[in-house]
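Note that the coordinates shown come from a computational prediction; the quantities given were computed from them, not determined experimentally. Along the sequence shown, residues are numbered consecutively beginning with 1.
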Amino acid sequence: MKVNNFVQEFIVEEDRPFDSAHASTLLQLRNGGVLAAWFGGSWEHAKDVAIWTARRVGGRWLPPVKVADVRGVPMWNPVLFRRADGTIELFFKVGEEISDWQTFFVLSRDEGETFSAMEELVPGDTCGGRGPVKNKPIRLKSGRVLSPASLEGPLWDAFVDISDDDCRTWRMSELVPIRRVQLSDGSSMNNEVVDRPYNPQYCFGKGLIQPTLWEDENGVHMLCRSTSSRVFRSDSCDGGETWRLAYDMGLPNNNSGLDLAQLSDGRLVLAYNPRENLPGYYKGPRTPLVVAVSCDNGETFETVKVLEDQPGNYCYPSIIVGENDEIKVTYTWNRLRVAYCSFTLD
């Protein structure tokens with residue numbers, strides 16, 4: 001597969017109103033432009049971290065705009081989605097610790113130029129995982145919206161949040177089942193690992209988080225980040241209500257975010273770091289960052305474009321398919337800025 005019309009640029013250059021940027025998200029605008037969002041501040045988890053957006057109009061990025069800020073409390077992981085009536089919804093997390101996150105959202109009815117005041121997604125909820133946790137929701141053929149979600153407590157568990165009224169109310173699916181085993185030497189975190197049939201020195205971890213979703217004629221499917229050095233997959237045949245046992249996809253995973261989108265011909269486009277964890281540790285270097293394509297509904301993936309391959313921190317991609325099957329990706333560039341690229345495939 002040939003990559004065509006490749007563009008790569010920064011959303012914000014060196015002169016920016018924040019020191020660090022991370023966890024970007026993308027949405028296609030109706031005028032042909034693109035809307036991006038991320039969290040930015042002095043550093044992840046800092047009390048000055050807020051939610052920022054920027055629009056790409058006429059081939060250039062307009063200055064970033066702070067759209068949500070809770071004074072003295074860190075903010076995290078924005079996710080963009082368009083409701084059926086055209087309203088843009090921007091979800092994000094608020095809280096000191098991941099396990100105590102609350103999910104809020106703001107709305108835009110003018111293609112991302114302005115946003116409403118913050119509202120809580122599930123009033124009173126503090127479980128840390130309601131609504132999309134990193135990647136975009138999908139709308140099923142039935143009209144149902146599924147948000148890829150996860151919990152990060154003592155164990156990590158993936159699920160989807162389900163809305164049958166266009167993102168106005170939500171209910172949790174069952175958790176994705178995974179096999180867990182206890183290491184006899186007690187060396188893993190919480191003595192819990194995802195069971196998989198290869199070298200246990202890579203198996204440290206807690207489970208699965210941050211799903212990315214797609215639908216086909218057989219149901220709904222997810223790929224998940226794991227602390228087990230591999231991408232895991234689960235499948236649902238009842239619209240996301242329940243999920244089958246998660247299984248190892250064979251793709252390396254360094255316990256970093258990934259994201260997936262679907263071309264009009266059904267091919268899947270995955271952005272991720274193809275690296276294993278370091279031996280005896282539950283993380284690995286966040287480079288290289290690549291885009292891979294599957295022509296067999298996610299059974300196998302072939303790398304078609306290397307976005308970054310030098311030493312550094314290149315991670316947390318967001319990927320969408322825009323007009324004329326143009327692939328658009330944002331990602332964290334060394335925890336300093338957000339990079340953007342676009343291209344098409346033969």
Side-chain angles (χ1 to χ4, degrees), residues 20 22-25 39 43-45 76-77 79 93 97-99 101 128-129 132-135 148-159 175-176 178-183 187-213 222-234 246-260 270-292 301 303 307-309 311-319 331-335:
S20 175
H22 189 42
S24 59
T25 178
F39 70 73
W43 199 252
E44 181 177 0
H45 205 287
W76 316 68
N77 291 20
V79 177
K93 310 297 186 184
E97 301 297 334
I98 296 174
S99 58
W101 275 347
V133 67
K134 174 198 172 290
N135 295 321
S150 54
L151 304 172
E152 294 184 50
L155 302 177
W156 287 6
D157 284 293
F159 67 100
L175 298 179
V176 175
I178 57 176
R179 289 191 299 267
R180 303 184 192 270
V181 297
Q182 187 172 26
L183 294 183
S187 59
S188 69
M189 298 177 63
N190 299 296
N191 293 336
E192 295 287 345
V193 299
V194 177
D195 181 22
R196 65 185 181 90
Y198 38 83
N199 197 334
Q201 70 174 332
Y202 295 105
C203 286
F204 290 89
K206 302 179 179 183
L208 311 177
I209 58 169
Q210 297 178 352
T212 183
L213 306 173
M222 68 166 64
L223 301 185
C224 291
R225 163 185 175 179
S226 85
T227 51
S228 198
S229 250
R230 289 292 188 272
V231 176
F232 275 68
R233 173 172 169 167
S234 183
Y247 59 95
D248 175 1
M249 280 285 297
L251 294 175
N253 179 255
N254 59 342
N255 189 16
S256 184
L258 49 86
D259 195 18
L260 173 148
L270 173 69
Y272 77 117
N273 297 112
R275 289 291 298 267
E276 289 194 336
N277 296 339
L278 295 174
Y281 196 50
Y282 69 98
K283 291 183 180 179
R286 290 183 168 182
T287 185
L289 179 68
V290 309
V291 176
F301 284 87
T303 296
L307 301 180
E308 302 283 354
D309 62 1
N313 191 326
Y314 310 109
C315 61
Y316 264 62
S318 173
I319 187 168
Y331 59 91
T332 296
W333 189 90
N334 277 324
R335 289 292 182 127

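Checked by atom type and distance alone, the side chain of Asp157 never pairs as donor or acceptor with a backbone atom of Gly207 at under 3.5 Å. At distances below 3.5 Å, not a single donor-acceptor pair connects side-chain atoms of Thr287 with backbone N or O atoms of Tyr314. Asn254 contributes a side-chain N or O that, together with a main-chain N or O of Pro285, makes up a donor-acceptor pair within less than 3.5 Å.
The distance from the CZ atom of Arg335 to the SG atom of Cys315 is 5.5 Å, given to the nearest 0.5 Å. In this structure, Tyr331 OH and Ser24 OG are separated by 10.0 Å, a value rounded to the nearest 0.5 Å. Distance check, rounded to the nearest 0.5 Å: CD1 of Ile98 to CH2 of Trp76 gives 5.0 Å. From Phe232, atom CZ reaches atom CD1 of Ile209 across 13.5 Å, with rounding to the nearest 0.5 Å. Between the OG atom of Ser256 and the CG atom of Asn313 there is a distance of 7.5 Å, given to the nearest 0.5 Å.
Inter-residue side-chain proximity for Tyr272 and Pro317 is flagged as unmet; no heavy-atom pair is nearer than 4.5 Å.
Shown here for Val231 and Leu258, the closest heavy-atom pair between the two residues is CG2-CD2, 3.7 Å.
The side chain to side chain donor-acceptor pair (under 3.5 Å) test with Arg225 is passed by exactly one of Asn253, Asn255, Asn273: Asn255. His22 pairs with exactly one of Phe39, Trp43, Trp333 by the ring pair (Phe, Tyr, Trp, His ring centres under 6.0 Å) rule, that one being Phe39.
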